[in-house]
Structure formats: structure tokens, C-alpha cells
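In what follows, a structure is listed as C-alpha cells, so that the remarks can point back to it.
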Amino acid sequence: MSNKQIPQEVLYSPGANDEQKTPAYAVLPLVKYIDKSKVVWCPFDDETSEFVKVFRDNGIKVIFSHIKYGQDFYKYEPKESWDYIISNSPFTNKKGIFERALSFNKPFLLLMPATWFNDSALSKLFGDGSEMQTLFFNRRIKFTNEEGVVQNKITFASCFIGKGILPRQIVFEKI
Ligand SMILES: C[S@@+](CC[C@H](N)C(=O)[O-])C[C@H]1O[C@@H](n2cnc3c(N)ncnc32)[C@H](O)[C@@H]1O
């Protein structure tokens, strides 16, 4: 089913695992790849997000937005000028989120389960793959849930997937 066929209430309905917060150690490795003259838009984030905090602490300009402020990624774009999208998005409707990210035709990186490589969606989104970039970690990321509890039994590896930010198509980072 294409996005156009999915009823809007399904597109925007939250998934059971959507409220997982990313730890700072998974954001820090990105800092060295970000041109300091660029503005990063974090579209799934508030001021407590480690994407926002780590980037700002490292001199990177950040704009953030979040569904709780009525800023729905599928419809919203900041009025301010921005250069990159970087965040951990909900894992619900990954393909729709990537279609939206690609529609801006700007560099982006989104944290995804590495198991997504088993899916045909990536080839549909990135064509021959020549533009696609991935950053893999040597360890699984332990996210924090809504209650502030670190999830110690993470069953999947995560990686950043996107285009136009990393110096090569595949990057490995130790955390
Ligand atoms: C996996 S969490 C990650 C939060 C934060 N980016 C981080 O890494 O700590 C995804 C967040 O996106 C929010 N969200 C869900 N759907 C959204 C939408 N359509 N537009 C903007 N934010 C959305 C969720 O409420 C959730 O807080």
C-alpha cells in the first residue's frame, strides 16, 4: 500500500515503541561529520533530546520540532532555513518517514533498526543505492523508555541511514 492509500489517522497514529529516547553516546559519533556552518533540523525532538543537546554543546546550530507541539513531520517544515535532518524517528511507518525525508532533497540521517536491510523498502527508496549512506555501530544502542528506564534487553542493532552527510557510503563507529 502506498502512503497515498493509507488513511491519515493510520499514518499519524503512534506505535507501541515510538517513545524510545536515544542516548548521547549514539549521537556523539555524528558530530565530526557535521559541517558547523549548517543548520540541523531534528524533527522528532524536544529540548531534552540528546540530538539537540549534543549538537548544541558541540557548536552545531539546531532547530527542533515534535508532534506534541503540533509539528507533524508529514506536514510540517520549519520556517527557518535548515540544511540537514538528523534524528531518531518513530519506527512506525519507516517507509513513509523516509519518503518525506527524501522529498526535501537535502542531506539527512535517521536512526533505524539494522533489520530494515531485510526489507525491500530501502531499494524502493534509494534506487540503485549509490546515494545511500549508512553508519553502523559496534554495539547495540540501549534506548530509554517513557518512564526513563534504560532498555537493557535490546534485541536489534541500530544504524543511521540517509544520504549526503557522511564522507563515504558505509561508516563504522565504536561506541
Ligand atoms: C523513537 S522517538 C525518538 C525521540 C528523539 N528523537 C530521541 O532520539 O531521543 C520518536 C519521537 O517522535 C515522535 N513522533 C511520532 N510521530 C511523529 C510525527 N509524525 N512528527 C513528529 N514527531 C513524531 C514520538 O512522539 C517520539 O517522541
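Along the sequence shown, residues are numbered consecutively beginning with 1. Both counts, for ligands and for their atoms, begin at 1 and track the order of listing.
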Query raised in the report: What part of S89 sits under 4.0 Å from ligand 1 if we count only heavy atoms: the side chain, the backbone, both or neither?
Result: backbone

Requested in this report: Between Q71 and ligand 1, find which residue part has any heavy-atom pair under 4.0 Å and reply side chain, backbone, both or neither.
Outcome: backbone

Query raised in the report: With only distance considered, is F51 within less than 3.5 Å of ligand 1 through an N or O on each side?
Result: no

Check ligand 1 against [X] and write out every atom of the ligand that is under 4.0 Å from a heavy-atom position of the residue.
X   : result
D45 : 5 (C), 6 (N), 7 (C)
Y74 : 19 (N)
S87 : 6 (N)
K21 : 9 (O)
F73 : 18 (C), 19 (N), 20 (N), 21 (C)
E19 : 24 (C), 25 (O), 26 (C), 27 (O)
Q20 : 1 (C), 2 (S), 3 (C), 4 (C)

**Report entry** Contact with ligand 1 for H66, non-hydrogen, under 4.0 angstrom
**Finding:** yes

Requested in this report: Verify, without hydrogens or angle tests, whether N145 (side chain) and E19 (backbone) share a donor-acceptor contact under 3.5 angstrom.
Outcome: no

Requested in this report: Answer yes when E173 and K32 have at least one side-chain N-carboxylate O distance shorter than 4.0 Å, and no when they do not.
Outcome: yes

